[in-house]
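To keep things clear, I will list the structure first and then write my remarks on it.
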Amino acid sequence: MTEQHGVNVSGGLSLKAQLYGLLVTLLALAFASALYTSIEGVRAYQAKQLASHAQDAAHNLGLAISPHLDEPGLILAETMASAIFDSGYYEQIQFIDTQGETRFSRVHENSELDVPQWFQDWFPLHAPKMQSEVANGWVPGGTLTVQSHVGQAYEALWQSAVGLSLNTLWLLVAAMLIGYLILKAVLSPLSALKGQALAVMRKEFHQVKRRPFTLELRALVSAFNQMVSNTERSFSEQATYAKQLSEQLYVDGLTGLPNRQALIMQFEPQREDAQLHNDSLQLGLIRLPSLADINQNEGYTGGDQYLMKCITIVQKHLTKRADTRLYRLSGSELAILCRLDTGDLIQLQQHLSNEFVTQSAELYPLGFAQLYFTKVEEQESFSEAISRLDTLHLTDNEAKPTAVLEDATEGHSRQYWRGVIKQYTAITQTGLPIETESQFEHLSTSLAKHFELMLQPILGKDGNIIYSESLVRFNWQQASLSTAATFAMAERLNLGPALERAVLCYVLSQLRHHPEHRVGINLSNVFVHDRMHQQWLLTLLKTLKGQLPPLVFEIKESALISQGHRLKDLIQSLHELGAQVTIEHFGAHLSSFQSIGNMNIDFVKIDGSFIRSLNQHNNVFFVQSLTQVCHAVGVKVLACHVENATTARQCLQLHIDGIQGRGFADTASISDCFKNFIYSDTPAGLELRNRFLS
């Protein structure tokens, strides 16, 4: 049984099958009844013919033998009776005199008929015995009894039945064909409407172009087309409105980069996520010291070109690194928020500094750009971090570009990381599909000592646990490693996909012991970009089918933007295996609003920066718009980073379907989660929610 967002779309008997079954049944019954009636009529006629034939023979033979009743032994009469009997049309001819003595008798011996026995049983023919009084003048001579033979009648009845059956069969086939064509013409529009309805459930909006000839169906198709058109237009208008609102609030109009407000909103969620994954969060500041001079000497057009040139240079290096983003703080300042390990950060600084230095000193007399980085400390606010960068700028020599890394801790050696990653990916480096449970068992055992699985529940508005998001922490020699640094080093060693496969195998191996509750698994862009990795994942899920809990795969919004066509195929394959899909960090990219209208996704998780800033009036309208856009196409909306009851109440008032955050449930080990009472039943979760809100 399959479901589309909780709506059962299978498991019953289709209208097409019911109508065709009804048509076949009625026609078969009608023609079978007609055939039986026809054969029964022929049988009754044959029975009458047998009686009439015997009666005529009795009268004629009686008249023929009556003059010869005085002969001794009735030799001539018996000879005449034998001549008639030998024709084969009679079963019995018998003459009994007035004293009750049988004077002569002829009886046909039983013979096989060329008629099936079942036909004889269904349509029995009984030849009656017809009698005639024979007299010689006025003197009674006796009684002549004649019975016709049924063999000829049965053969005639059988031939007639065969002919009637063939004619009836041809009529039945012709009637079924005509009925099929009529039903097909009627059901074809209904089938198109069914496909249209299922397409809407998949967030696809199609029009039924063929207009049926049936008046009622034509009206129904027109109504459905109008409804789908209105839904598509409403969704498009809401998505456009949300995009425009986002552009007004969080996007710099000149550069298209996120503005200062967007950076402030992203800062705290990024800092908390970095702490959760044992990562380091860095804030960078890029100053354009020559912008004021260029604006004065060459006009604002020249200044804009200078700014865009710097942005192009920076983005060229940032696009190769995940978890990095560029913002525009003010007219001459840009900011970089990133989660990189020390090696990657130093490399980024060197590349950008070299690019800045190579720019012409004649065009930029005060220097092309200046770059500063600082590590964001725990519980540090945005204002404190940016103030420290301003201090670095003021105390630095402004005449030449420089790059300062403050509080950078010394990382592990490359050889150390190589050994760690090799241990993590020892069994998954080949990328061969896992097609047997024994392979999986062997692999899972070797991974358990390196990883730790944590869960954080997402609580629904009715008190149920929608699903629990999983988080994997890396352990090495009894110490936790940075998630970002581990994956960055794996990519540098060309082992990124192998590490992803190892993590997925470990998570699924742990979930086999807890099949009752739905669990979310983060899926990196590696599995979205490469069909080979997708196939590996799908093969593993098929191998473990029936052993895992219901799964929800969380996919980053960036994959929705860059790999929409491949993501669509992956989502369809995951749905076929019974899994659901969530788009996380939703709303961070403007183009994602329209994209969800073409994807059969189940949940979106609004970016935590918007949830943490619900105290701002503009953000309330923006989150409300996002929720309306998603609900318009049947997608449930989740909110993360819900840290207090006030934010939770606001989310419920905005009709958000589920909340996640440390405010009511922090991350915990998988064993602790399933011992916790909120996993036991919905009333317990509802009690937790009410206590949290109060």
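Along the sequence shown, the residues carry numbers beginning at 1.
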Worksheet entry | For Ala153 against Leu125, the heavy-atom pair lying closest together | CB-CD1, 3.7 Å
Practice prompt. Report yes if the side chains of Arg501 and Leu540 come closer than 4.5 Å at any heavy-atom pair, otherwise no.
Written response: no
Item to complete: Would you indicate whether the side-chain heavy atoms of Leu504 and Leu523 approach each other to under 4.5 Å?
Response: yes
Item to complete: Indicate yes or no for a side-chain donor-acceptor contact from Glu91 to the backbone of Val150 under 3.5 Å, with no hydrogens or angles considered.
Response: no
Fill in: Identified side chain to side chain donor-acceptor pair (under 3.5 Å) partner of Gln580 from the options Glu554, Lys636, Arg518
Arg518
Worksheet item: Do the side chains of Ile521 and Leu508 get nearer than 4.5 Å, heavy atoms only?
Response: yes
Item to complete: Given side-chain contact (heavy atoms from CB on, under 4.5 Å), test Asp602 with His575 step by step and report yes or no.
Response: CA-CA 10 Å; Asp602 303 278; His575 278 151; 2.7 Å; yes
Worksheet item: Which atoms form the tightest heavy-atom contact between Leu35 and Ala161, and what is the distance?
Response: CD1-O, 4.5 Å
Worksheet entry | Side chains of Phe123 and Val42 in contact at under 4.5 Å (non-hydrogen atoms) | no
Practice prompt. Measure across Ala58 and Met130 and return the closest heavy-atom pair with its distance rounded to 0.1 Å.
Written response: CB-O, 4.1 Å
Discussion item. Go through it in stages, so that I can follow the logic: the residues are His517 and Ile465, the test is side-chain contact (heavy atoms from CB on, under 4.5 Å), and I'd like the CA-CA distance, side-chain angles, deciding distance and then a yes or no.
Written reply: CA-CA 8 Å; His517 303 282; Ile465 302 297; over 6 Å; no
Discussion item. Can you tell me which residue among His53, Gln147, Arg106 is in a side chain to side chain donor-acceptor pair (under 3.5 Å) with Tyr90?
Written reply: His53
Practice prompt. Drop me the distance from Ile93's CD1 to Glu78's CD, to the nearest 0.5 angstrom.
Written response: 11.0 Å
Practice prompt. Please report the shortest heavy-atom distance between Ala135 and Ser66, naming the atom on each side.
Written response: O-CB, 3.2 Å
Item to complete: Kindly give the heavy-atom pair with the smallest separation between Pro128 and Ala51, and that separation in Å.
Response: CG-CB, 3.4 Å
Fill in: Asp97 (side chain) donor-acceptor with Gly142 (main chain) under 3.5 angstrom
no
Fill in: 4.5 Å side-chain heavy-atom contact, Tyr467 and Thr582
yes
Worksheet item: Got more than 12 heavy atoms from elsewhere within 6.0 Å of CH2, Trp118?
Response: yes
Worksheet item: side chain to side chain donor-acceptor pair (under 3.5 Å) with Arg43: which residues, sequence neighbours excluded?
Response: Glu40
Worksheet item: Within the side chain of Ser160, is there an N or O that forms a donor-acceptor pair under 3.5 Å with the backbone of Ala156?
Response: no
Practice prompt. State the OG1-NZ distance between Thr145 and Lys129, to the nearest 0.5 angstrom.
Written response: 7.5 Å
Worksheet item: Leu76 versus Ile65: any side-chain heavy-atom pair under 4.5 Å?
Response: no
Worksheet item: Is there a donor-acceptor pair closer than 3.5 Å between any side-chain N or O of Ser33 and the backbone N or O of Leu29?
Response: no
Item to complete: Give the intermediate values and the outcome of side-chain contact (heavy atoms from CB on, under 4.5 Å) for residues Leu570 and Val581.
Response: CA-CA 10 Å; Leu570 176 60; Val581 176; over 6 Å; no
Fill in: pair Phe586-Ile601: side-chain heavy atoms closer than 4.5 Å
no
Item to complete: Give a yes or no answer on whether the side chain of Thr168 reaches the backbone of Leu164 with a donor-acceptor pair at less than 3.5 Å.
Response: yes
Worksheet item: Rounded to the nearest 0.5 Å, how far apart are OG of Ser165 and CH2 of Trp158?
Response: 7.5 Å
Item to complete: Tell me, with the steps shown, if Val637 and Leu626 meet side-chain contact (heavy atoms from CB on, under 4.5 Å).
Response: CA-CA 9 Å; Val637 181; Leu626 290 185; over 6 Å; no
Worksheet item: Are any side-chain N or O atoms of Thr25 and backbone N or O atoms of Leu22, one a donor and one an acceptor, separated by less than 3.5 Å?
Response: no
Item to complete: May I ask you to decide if Gly520's main-chain N or O and Ser470's side chain share a donor-acceptor pair within less than 3.5 Å?
Response: yes
Practice prompt. Examine distances only and state if a side-chain atom of Gln55 and a backbone atom of Gln131 form a donor-acceptor pair shorter than 3.5 Å.
Written response: yes
Fill in: Gap between atom CD1 of Ile555 and atom CG of Leu567 - 0.5 Å precision
4.5 Å
Fill in: Atom pair CG (Leu638) and OG1 (Thr627), whose distance is rounded to the nearest 0.5 Å
10.0 Å
Practice prompt. Would you check if Leu574 and Leu551 make a side-chain contact, meaning some heavy-atom pair closer than 4.5 Å?
Written response: no
Worksheet item: So, for Leu511 and Pro549, which heavy atoms are closest and what is the spacing to 0.1 Å?
Response: O-CD, 3.4 Å
Worksheet item: Donor-acceptor pair, Tyr180 side chain versus Tyr20 backbone, under 3.5 Å?
Response: no
Practice prompt. Mind checking the CZ-CD1 spacing from Phe104 to Ile96? Nearest 0.5 Å is all I need.
Written response: 10.5 Å
